[in-house]
Amino acid sequence: MLLFLDSNIICSNYYMAGPSFEVAKRVGTIVLGQIVVDEVCNKYKENLEDQVTKVKNVIQDLNKLLPESQVIWTEIDVVDKCAKYKDFLEMFIIESGMTVAEDYPDMKHEIIVQRALQRKKPFKTDGSTGYRDYLVWLTCLEVARSNSNEEIHFITSNTRDFADPNDREKLHPDLLADLAGWKIPETRFFYWNSLKSFIDKYAKQKFDIIKAREALVAEIETNETGFLAPVQEFVSSKVIGSSLVGFDVFVPGDNEILKELESDVEPQIEDVSEVDNDSLLLGITIDTVGVVTSTLNSSDIKEIHEYDLDVEVVGREDDICTLETTLGIQVQLRAVYSKNNKVITSIEIDDIDDYNCPYCPY
């Protein structure tokens, strides 16, 4: 679920703190367009300068009433505060998982001007204002089109330019026509005229489901005999010693074998889905450090120094060297878990990869 926020939502709570934003961040991924980031940063600067001026004036008026012990104003570095706020937004975007803000839409000026001349929303009836609102809308449409498997929740308090004039809880017909034109189904595109409306009418139910899932996951992850022991036994007997040929694990040489893994790393349940009334399908991840053995021709042994990896030659036989590479390993398992018996009934390897490989394109 992607939550595309208009700038007015963020400007009502610049640091996105408090219960409403906490719930929003738990139920979905907040997406910010670059146009929104730029608008918010500009508004933050304007508001900060305005408040600083007001405080200075109040202090001056207050000091006029105080014959002694006058209040001293401590100057605020507005430029520094604005730079730190921009850093906050950039870090927020990274931590949200979106990495960077969504870029400005690539739309020809002729098309935008034509839209304004036709007086279509979000342009106002005079056609002279609405340019930035339209860029926000286009960015949201691009997000919806490029994430075709996700629900998109567009949240803005600008009902004058985005809402149906007869029902403020619905999108304007011009914008609904855009969804159809972009082939974005209304079944996965939702419009909300406030963050409160989104929380009260949609997110609360999702949040309750998430909390119930988290409680279930916590219960399973702490089940020593029914979960932890079977997973550890499977890793010891089936994962360790397995061939890594065909998996995304990069080490020098061939015949890669997973020799060992750190034994004190707890498995984490990343995904839970119901199979039937009793069975759950679990997606289990183990992030750890492992040792992988491989073989390499002696004539190529000098090449291992070119790799930024922890590689050691541990044996030689004829013209073949045996190598051991220590690196980060992510083991992904798939297991069926019985809710009634509280035990894993079957388990298998889903994937093994080197999640911190410096040569992999991810």
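All values derive from a computational prediction rather than experimental measurement.
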Which heavy atom of [X] sits nearest a heavy atom of [Y], and at what distance?
{"X": "A24", "Y": "L3", "answer": "O-CD1, 3.4 Å"}
{"X": "G253", "Y": "L296", "answer": "CA-CD1, 3.7 Å"}
{"X": "Y191", "Y": "T159", "answer": "OH-CG2, 3.8 Å"}
{"X": "L195", "Y": "I155", "answer": "N-CG2, 3.8 Å"}
{"X": "L309", "Y": "P252", "answer": "CD1-CD, 4.1 Å"}
{"X": "L261", "Y": "G290", "answer": "CD2-CA, 3.8 Å"}

Looking only at the side chains, is there a donor atom on one of [X] and [Y] sitting less than 3.5 Å from an acceptor on the other?
{"X": "T156", "Y": "N8", "value": "yes"}
{"X": "S294", "Y": "N255", "value": "no"}
{"X": "S299", "Y": "N297", "value": "yes"}
{"X": "D50", "Y": "N47", "value": "no"}

Assigning hydrophobic clusters by single linkage (Ile, Leu, Val, Met, Phe, Trp, Tyr; side-chain heavy-atom cutoff under 4.5 Å), is [X] placed with [Y]?
{"X": "Y131", "Y": "L175", "answer": "yes"}
{"X": "V314", "Y": "V251", "answer": "no"}
{"X": "L228", "Y": "V336", "answer": "no"}
{"X": "V31", "Y": "V100", "answer": "no"}
{"X": "V71", "Y": "V52", "answer": "yes"}

Between E49 and K45, does a salt bridge (Lys or Arg N to Asp or Glu O under 4.0 Å) hold up when you go through it step by step?
-> CA-CA 6 Å; E49 290 174 337; K45 179 176 180 291; 2.8 Å; yes

Check step by step if side-chain contact (heavy atoms from CB on, under 4.5 Å) holds for Y337 and K342.
-> CA-CA 7 Å; Y337 183 87; K342 299 185 183 301; 3.4 Å; yes

Is the count of non-hydrogen atoms from other residues, nucleotides or ligands lying under 6.0 Å from [X] atom [atom1] greater than 12?
{"X": "D80", "atom1": "CG", "result": "yes"}
{"X": "K339", "atom1": "NZ", "result": "yes"}
{"X": "I72", "atom1": "CD1", "result": "no"}
{"X": "E317", "atom1": "CD", "result": "no"}

Between D61 and L65, is a side-chain contact (heavy atoms from CB on, under 4.5 Å) present by the stated rule, with each step listed?
-> CA-CA 7 Å; D61 292 340; L65 303 174; over 6 Å; no

Do [X] and [Y] make the cut of ring centroids closer than 6.0 angstrom?
{"X": "F189", "Y": "W137", "value": "yes"}
{"X": "F123", "Y": "Y134", "value": "yes"}
{"X": "Y14", "Y": "F88", "value": "no"}

Can a donor-acceptor pair be found, under 3.5 Å and without considering hydrogens, that links the side chain of [X] to the backbone of [Y]?
{"X": "D287", "Y": "Q330", "answer": "no"}
{"X": "D167", "Y": "E169", "answer": "yes"}
{"X": "N57", "Y": "T53", "answer": "yes"}
{"X": "R188", "Y": "A144", "answer": "yes"}
{"X": "N193", "Y": "R168", "answer": "yes"}
{"X": "D354", "Y": "F250", "answer": "yes"}
{"X": "S12", "Y": "I9", "answer": "yes"}
{"X": "K196", "Y": "S20", "answer": "no"}
{"X": "S298", "Y": "D319", "answer": "yes"}
{"X": "S279", "Y": "D276", "answer": "no"}

salt_bridge(D77, K81) N-O dist < 4.0 Å = no

Going by an N to O cut-off under 4.0 Å, is there a salt bridge joining E186 and K170?
-> no

From CA spacing to verdict: salt bridge (Lys or Arg N to Asp or Glu O under 4.0 Å), K204, D208 | CA-CA 6 Å; K204 278 183 179 179; D208 290 340; over 6 Å; no

Would you list the pairs meeting salt bridge (Lys or Arg N to Asp or Glu O under 4.0 Å) in which at least one residue belongs to residues 22-37, sequence neighbours left out?
-> E22-K25, R26-E214

Is any side-chain heavy atom of [Y] closer than 4.5 Å to one of [X]?
{"X": "I352", "Y": "Q332", "value": "no"}
{"X": "F92", "Y": "M16", "value": "yes"}
{"X": "L32", "Y": "I10", "value": "yes"}
{"X": "L280", "Y": "S273", "value": "no"}
{"X": "V291", "Y": "L258", "value": "no"}
{"X": "V37", "Y": "E90", "value": "no"}
{"X": "T29", "Y": "M98", "value": "yes"}
{"X": "T326", "Y": "K259", "value": "no"}

For K121, the option from D161, D178, D164, D174 that meets salt bridge (charged side-chain N to carboxylate O under 4.0 Å, His left out) | D161

Test log, rule side-chain contact (heavy atoms from CB on, under 4.5 Å), inputs V40 and L89 = CA-CA 9 Å; V40 170; L89 286 181; 4.2 Å; yes

Spatial distance of atom CZ (R132) from atom CG (D6) [nearest 0.5 Å] = 10.5 Å

Between atom CD1 of I284 and atom CD of E266, what is the distance when rounded to the nearest 0.5 Å?
-> 12.0 Å

From the options Y202, F154, F4, select the one residue that forms a ring-ring contact (aromatic ring centres under 6.0 Å, His included) with F190.
-> Y202

Pairs meeting criterion side-chain hydrogen bond (donor to acceptor under 3.5 Å, both in side chains) with involvement of residues 95-114, two or more places apart | D38-Y104

Show your reasoning for whether ring pair (Phe, Tyr, Trp, His ring centres under 6.0 Å) applies to Y15 and Y85.
-> CA-CA 8 Å; Y15 283 91; Y85 181 68; 5.2 Å; yes

Pair H153-F198, ring pair (Phe, Tyr, Trp, His ring centres under 6.0 Å): steps then yes or no | CA-CA 8 Å; H153 294 261; F198 167 73; 5.3 Å; yes

